Colleague: 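If you scroll down you'll find the structure; I have some questions about it.
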Amino acid sequence: MKAKNTNRKPLEEDLELKKLSIRLKALRKKSGFSNMDIFAYEHGFARAQYARYESGQDLRYSTIVRLANCFNMTIKEFFGEGFE
């Protein structure tokens, strides 16, 4: 029988998506792309779709893997900042 962790409060989906959008924007800018449209184009994302990612809309795990590859990061590194 698993012990229930009563000290951890449940994750809030909207808050976690907001953190993801902030992380994506920071990584894009750190990579030297001030313009999201150019980043999207150079990495094979539809401009409108990438804009949705940076605005905090939900995305699939396969897209997160693809984004981590764009930044030459592991998934652990990708989620290493901003998700404490």
Side-chain angles (χ1 to χ4, degrees):
M1 185 171 171
K2 284 186 176 181
K4 193 173 186 179
N5 185 350
T6 57
N7 295 330
R8 185 184 67 83
K9 75 177 197 179
L11 296 173
E12 295 178 36
E13 186 175 316
D14 290 340
L15 178 60
E16 296 304 314
L17 286 170
K18 181 65 178 169
K19 289 178 187 178
L20 180 57
S21 71
I22 291 168
R23 178 72 167 148
L24 282 175
K25 189 178 291 187
L27 288 170
R28 172 179 53 79
K29 289 181 177 183
K30 186 177 179 182
S31 296
F33 290 91
S34 60
N35 186 306
M36 110 170 73
D37 294 343
I38 294 171
F39 176 86
Y41 176 78
E42 289 193 11
H43 290 90
F45 291 96
R47 182 192 56 77
Q49 186 63 45
Y50 186 78
R52 285 191 283 273
Y53 301 154
E54 281 201 13
S55 69
Q57 293 191 14
D58 210 350
L59 56 147
R60 297 180 347 190
Y61 184 75
S62 60
T63 304
I64 293 171
V65 170
R66 188 173 165 202
L67 287 164
N69 284 328
C70 289
F71 300 115
N72 197 31
M73 304 176 103
T74 65
I75 295 297
K76 186 175 182 176
E77 291 169 328
F78 184 82
F79 287 108
E81 292 179 29
F83 293 92
E84 296 81 28

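Every value quoted in this text rests on a predicted model; they were computed, and no experiment measured them.
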Colleague: Can Leu24 be reached from Phe79 by stepping across I, L, V, M, F, W or Y side chains whose heavy atoms are under 4.5 Å apart?
Modeller: yes

Colleague: Of all the heavy-atom pairs spanning Thr74 and Ala68, show the shortest one and how long it is.
Modeller: O-CB, 4.3 Å

Colleague: Just grab all the side-chain hydrogen bond (donor to acceptor under 3.5 Å, both in side chains) pairs involving residues 24-40, residues at least two apart or on different chains.
Modeller: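 Qualifying pairs, neighbours excluded: Arg28-Glu54.
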
Colleague: Any ring-ring contact (aromatic ring centres under 6.0 Å, His included) pairs touching residues 54-76, not counting sequence neighbours?
Modeller: Phe39-Phe71

Colleague: Any idea which heavy atoms bring Ala40 and Ala46 closest together, and the distance?
Modeller: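 That would be CB-O, 4.3 Å.
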
Colleague: Nearest 0.5 Å, please: how far is CG in Leu17 from CD in Glu13?
Modeller: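 Those atoms lie 5.5 Å apart.
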
Colleague: Over all heavy atoms of both residues, which pair between Ser21 and Gly56 is shortest? Give the atoms and the distance, please.
Modeller: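 Looks like CB-N, 3.5 Å.
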
Colleague: With distance as the sole test, does Arg23 use its side chain to make a donor-acceptor pair with the main-chain N or O of Phe83 at under 3.5 Å?
Modeller: no

Colleague: Would you compute the distance between atom CG of Leu20 and atom CG of Leu67 and round it to the nearest 0.5 angstrom?
Modeller: 8.0 Å

Colleague: Return the set of residues passing ring pair (Phe, Tyr, Trp, His ring centres under 6.0 Å) with Phe45 (not counting sequence neighbours), or none when no residue passes.
Modeller: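 Phe45 satisfies ring pair (Phe, Tyr, Trp, His ring centres under 6.0 Å) with Tyr50 only.
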
Colleague: Output all residues satisfying ring pair (Phe, Tyr, Trp, His ring centres under 6.0 Å) with Tyr41, sequence neighbours left out; order by chain, then residue number.
Modeller: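 Ring pair (Phe, Tyr, Trp, His ring centres under 6.0 Å) check on Tyr41 returns nothing, list empty.
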
Colleague: Rounded to the nearest 0.5 Å, what's the gap from CG on Asp58 to CG on Asp14? Could you check?
Modeller: 10.0 Å

Colleague: Identify, with sequence neighbours excluded, every residue that meets ring pair (Phe, Tyr, Trp, His ring centres under 6.0 Å) alongside Tyr53.
Modeller: none

Colleague: In chain order, what residues pass the salt bridge (charged side-chain N to carboxylate O under 4.0 Å, His left out) check against Glu77, with sequence neighbours excluded?
Modeller: none

Colleague: Carefully, step by step, assess Leu27 and Met73 under the rule side chain to side chain contact (heavy atoms under 4.5 Å, CB included).
Modeller: CA-CA 10 Å; Leu27 288 170; Met73 304 176 103; 3.9 Å; yes

Colleague: Find out if a path of hydrophobic residues (ILVMFWY) with successive side-chain heavy-atom gaps under 4.5 Å connects Ile64 to Met36.
Modeller: yes

Colleague: Quick check for you: to the nearest 0.5 Å, what is the distance between Arg66 atom CZ and Leu59 atom CG?
Modeller: 11.5 Å

